[in-house]
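Chain letters run A, B, ... following the sequence lines, proteins first, then strands; residues in each count from 1. All of these numbers come straight from a predicted model, not from anything done at the bench.
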Number of protein chains: 2
Amino acid sequence: MKLYFCKQILTYIMRQKTEIRQEQIKQAVLDIIYTDGLKSLSTRALAIRTGISEGTIFRHFASKQDIAIAIIRDVQNEFIEILRTIVLSKKSPVDRLHEFLCTTVHYLQVHKGITLLLFTEASHNNDDAMKQHLKQIFNSQKVLMSKIIYDGVSSGIWDEKVTIEDALMLYMSIPVSLNMDIIMNSEEYMVNSYCDKTLDILLKMLHN
Amino acid sequence: MKLYFCKQILTYIMRQKTEIRQEQIKQAVLDIIYTDGLKSLSTRALAIRTGISEGTIFRHFASKQDIAIAIIRDVQNEFIEILRTIVLSKKSPVDRLHEFLCTTVHYLQVHKGITLLLFTEASHNNDDAMKQHLKQIFNSQKVLMSKIIYDGVSSGIWDEKVTIEDALMLYMSIPVSLNMDIIMNSEEYMVNSYCDKTLDILLKMLHN
DNA sequence: ATATAACAAGTAAGTATTTACTTTGTTTTT
DNA sequence: AAAAACAAAGTAAATACTTACTTGTTATAT
C-alpha cells in the first residue's frame, strides 16, 4: 500500500509528456554547452543532466542533431517573433531600437550556450537544412533592424547616409561581447548594461 | 638502383623535421575546422589530411589538446606581436588604426577556422592554462587598441569622451561578421572591404 | 672517407573508452 | 486494451592515444 503510494508519487514526478521532456532536453543541451563546453555535449551527459535514461532521449528526439534543430527552430519561433512584434509596434524608432537590443541581450542571457551552438552548427557545412535555418535567423534579424533604421531615417531623426550593414555589424557583436565577458569572468551587472551601451553607440552612429 | 632512387625521392618528400610536421598539423587543424567543422576534427581526420599516420601525430604533439594550445600560442607570438609593432610605430593614430584593422582582417582570412577554435576552446572551462592564454590574447588586443585611441584623443583629433569598450566591442565584431559572411556564402570581395568599413564606423564613433 | 652508434621520424595494429543510437521488456496513462 | 514513457542492457563504429617495431639521418670514431 505504502509502496504503491510512493511509487505513484515518484512516477508522477518522473513520467512526463513528450513536449515537457523535449523542453527539458533542449534546456539541458544549452546548459551543458554553457557549463562544460561543446565537447561535453554527449547523449550520456544529456541523460545524466535531465535525469532520464539515454534510450528515452531517443524516444523524444529522433537524433542528437534533431535536438539542435529543435532549438534553432525555437529561436526562430520565439525570439525572432518577439523581435518582429517590437519592430511592428507603434513606438518611436529609438524606443523600438532600445527594446530590440534589450530583448536580444535578455534572450542571450537566458539562453546561455545558444551563441556557441548557432555558430558551430553554422560552420558544419554538411547539413543544408540546418544552414538554411541559420541563414533565415540571421537574415530575419537584419531585415527587422533595417525596418527600424528605415523608419528613423524616413522620419528625419537619423542620418540618411547610414548603412544598415554598419548597424548590423555592431548588433552582431553583442553575442560575442557577452560570451567574452563570460570567459573573462566579468561580473554579472556588467552584462546588464550591454543593452543601453549598444544603444548609445548605435545612436551616435545614426545621429543626424 | 632505380628503386633506391625512387625511395630517396619518396623519403625526401615524406620524412620531415618535427618543426615542419608541427606546422603542417596545425594548418590541417584549421583547415578541417573551416571545411568540415569542429565535429570532424579527429586525429584520424588529421592523419588523412596531413598524409602522415595517426601515430606520427603523437610523435610531434603530446596530445590533441596540445595542438590547439600550440595554435593559440602562435596567435600570441605572431598575430599579437604584429599588432604591437603597428601600435608602437610613428604613424598617425588614423593610419595605425587602419593598419591594425586590416592586419586583423587579413589574419582571420588567412587563418580561417581560428575564430571557431578560439571561441570553443574558450568555453571549455576545465583547462585553466588554455583559458589564461585566451584571456591574454583578448586583453592584448584591448590594451593595444586602447593605446591608439588614447593617442588620438591626446592629440585632440578624437572625442575625449569615447570609451575604449565601445571601440573594442566593434573591433570584436570583425571575426563574427567574417564568419557570418562565410556561412552566408558571400563573395570574397565583400570580405576585402571589411577593414575599410570597420574603420569608417570607428572613425565616426571617435569623431570629435 | 667510411663504419658505427645514437637518435629522430615513421608505421601498422593495437588499446580501452566513448560515442550515438537500438532492442527488449516493463510500467503507466488514456 | 492500446499507446505512450521509461529503464536497462545492449550495439557497432569512432575516439584519442599506445605499443612494438622499422627506417632514415646525423654526429662521432676509426
What is the per-nucleotide protein-contact pattern of nucleotides 12-21 of chain C, from the 5' end, where B denotes a base atom under 4.0 Å from a protein heavy atom, S denotes such proximity for sugar-phosphate atoms only, and - denotes neither?
-------SBB
Atom [atom1] of [X] and atom [atom2] of [N]: how far apart are they, to the nearest Å?
X	N	atom1	atom2	value
B:Leu38	D:dT15	CG	C1'	15 Å
B:Leu46	C:dG10	CG	P	15 Å
B:Phe61	D:dT18	CZ	P	15 Å
B:Lys17	C:dC7	NZ	P	15 Å
B:Ile57	C:dT11	CD1	C1'	12 Å
A:His60	D:dA5	NE2	C1'	6 Å
B:Asp36	D:dA14	CG	P	15 Å
B:Arg15	D:dT23	CZ	C1'	6 Å

Using side chain to side chain contact (heavy atoms under 4.5 Å, CB included) as the criterion, point out the one residue from A:Leu41, A:Thr115, A:Leu38 that pairs with A:Thr120.
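For A:Thr120, the side chain to side chain contact (heavy atoms under 4.5 Å, CB included) check succeeds only for A:Leu38.
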Is the shortest side-chain N/O distance from A:Thr18 to OP1 or OP2 of D:dA5 below 4.0 Å?
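For D:dA5, OP1 or OP2 has a side-chain N or O of A:Thr18 closer than 4.0 Å.
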Does the distance from a Lys or Arg side-chain N to an Asp or Glu carboxylate O, for [X] and [Y], drop under 4.0 Å?
X	Y	result
A:Lys197	B:Glu165	no
B:Arg49	B:Asp36	yes
A:Lys26	A:Glu23	yes

Nearest-neighbour nucleotide for the B:Arg21 side chain, D:dA5, C:dA9, C:dG10 considered
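My answer, after comparing the listed nucleotides, is C:dG10.
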Using 0.5 Å steps for rounding, measure from the CG atom of A:Leu134 to the CD1 atom of A:Ile69.
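Taking CG in A:Leu134 and CD1 in A:Ile69, the distance rounds to 10.0 Å.
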What I want to check is whether an N or O donor and acceptor connect the side chain of B:Arg59 with the base of C:dG10 at under 3.5 Å.
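Between C:dG10 and B:Arg59, which were checked side chain against base, a qualifying N/O pair under 3.5 Å is present.
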Under the criterion side-chain hydrogen bond (donor to acceptor under 3.5 Å, both in side chains), which of A:Gln22, A:Arg21, A:Gln27 is the partner of A:Gln24?
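For A:Gln24, the side-chain hydrogen bond (donor to acceptor under 3.5 Å, both in side chains) check succeeds only for A:Arg21.
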Residues two or more places apart in sequence or in another chain: which of them pass salt bridge (charged side-chain N to carboxylate O under 4.0 Å, His left out) with A:Glu54?
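By the salt bridge (charged side-chain N to carboxylate O under 4.0 Å, His left out) rule, A:Glu54 matches no residue at all.
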